[in-house]
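Presented below is the structure to which this report refers.
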Amino acid sequence: MSLSYSLSAHPSPTSEQEREGILANPGFGKQFTDHMAVATWTKGEGWHDGKVVPRGPFQLDPAAAVLHYAQEVFEGLKAFRHEDGSVWSFRPEQNARRLQRSASRLAMPELPEEDFLGSIKALVAADEAWVPAYGTGETSLYLRPFMFASEAFLGVRPAHEMTYCVIASPAGAYFPGGMKPVSLWISTDFARAGEGGTGSAKCGGNYASSLAGQLEGAAHGCDQAVFLDSSTHTYIEELGGMNLFLVYRDGRIVTPELTGTILEGVTRASILQIAKEMGLQPEERRIPIQEWKDGAASGELAEVFACGTAAVVTPVGTLKWDGGEVTVGDQSVAGGVGENTADIRRRLLDIQYGRAEDTNGWMTRLV
Ligand code: COI
């Protein structure tokens, strides 16, 4: 039987005035709505006790397994307000399935797809007033479903109790600078993931392992780090929080193939489809980092961009490494944002905000 997510409404929700103040300039990931959806799994009972409750801290035993062994997975998706006031999300069933794959890799129970969708619908219905109005720029309600091992037990084995939760956060642009090219540092000292590891799972540990590379990049004046494969340090993988695409002058648009060490981005998969519809030639394959350097130097490589749910499509300008750097694209034209990068981004946002026909059936109505 599926979970019902009954609502216990917040006794003193945020005032309309305060909420409108927050929605006028939400930033990313720092403001939160009044409620959260939760459910519990135990080895004996399976999934139960789905509910939407006032958002607040968890009471967690200091021996909770997640705090020691990082048994945790999460998702990221957005709710968009359309012009007629309705609220939609983009391919949420893909997030539901990826959460199942991530959970399975971390030896956690799978949450049925209908219970994932039910949690999102119930939370957005309770906090609908937090979905930014249509036409307020690139704003949405970012949804963060996550699941963690809440059993108090210090033995190393899959926990017998899990907590599932969804929180919601009104969001503007992920990068405070908006749509301008970011610079990347090639991380050679650190890898994000290794063969047979958890690279394709969306688990907190992967993000933790990307932070030292990110700090190294920042120390070299870069916005983000790009990680290479851990065995040969030759092939491009991803940024840690975003997938990458290279666009050639001849119309090829190339992204690293899914080798098990790269996150299977929903935005990545959607862009491969959109690129085909635009008449570009999408390719998924291993990409040597040298190809990027050579393509930038010869001018054959016209555009590079990163993509993800949070940051949508973000142009990449400069690539730096120990002893050199190259810049892709003409930074004096259109703020350094390539033509295809801008077009793909616009097409994606137009579908998400209901301004373009949803020919692939990607949108799901929430409210
Ligand atoms: C997303 O794009 O939703 C992500 O999960 C990336 C990051 C914010 C963790």
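For the numbers below, each heavy atom of this structure counts, side chains included, while hydrogens, waters and symmetry mates do not. Note that ligands are numbered from 1 as they come in the structure, with each ligand's atoms numbered from 1 the same way. No experiment lies behind these values; they were computed from the predicted model shown. The first residue of the sequence shown is numbered 1, and numbering continues consecutively from there.
- Distances from atom 1 (C) of ligand 1 to the heavy atoms of F74, Y142, F28, Y207 put Y142 nearest.
- In summary, the atoms of ligand 1 found under 4.0 Å from a heavy atom of K202, numbered by their order in the structure, are 4 (C), 5 (O).
- With E264 as the fixed residue, the side chain to side chain donor-acceptor pair (under 3.5 Å) test singles out one of R101, R98, Q94, R97: R101.
- Residue contacts with ligand 1 do not include E75, since none of its heavy atoms lies under 4.0 Å from the ligand.
- Across F58, Y164, F74, W41, a single residue satisfies ring-ring contact (aromatic ring centres under 6.0 Å, His included) together with F148, and that is F58.
- The number of heavy atoms from other shown groups lying within 6.0 Å of CD (Q281) is above 12.
- A donor and an acceptor atom, one from each side chain of T267 and S270, are nowhere located under 3.5 Å apart.
- Side-chain contact annotation: T163 with S150, donor-acceptor N/O pair under 3.5 Å present.
- Those atoms of ligand 1 with a heavy atom of G241 less than 4.0 angstrom away are 6 (C).
- Closest protein heavy atom to atom 2 (O) of ligand 1: A310 N, 2.8 Å.
- Looking at ligand 1, you'll find an N or O of T309 within less than 3.5 Å of one of its N or O atoms.
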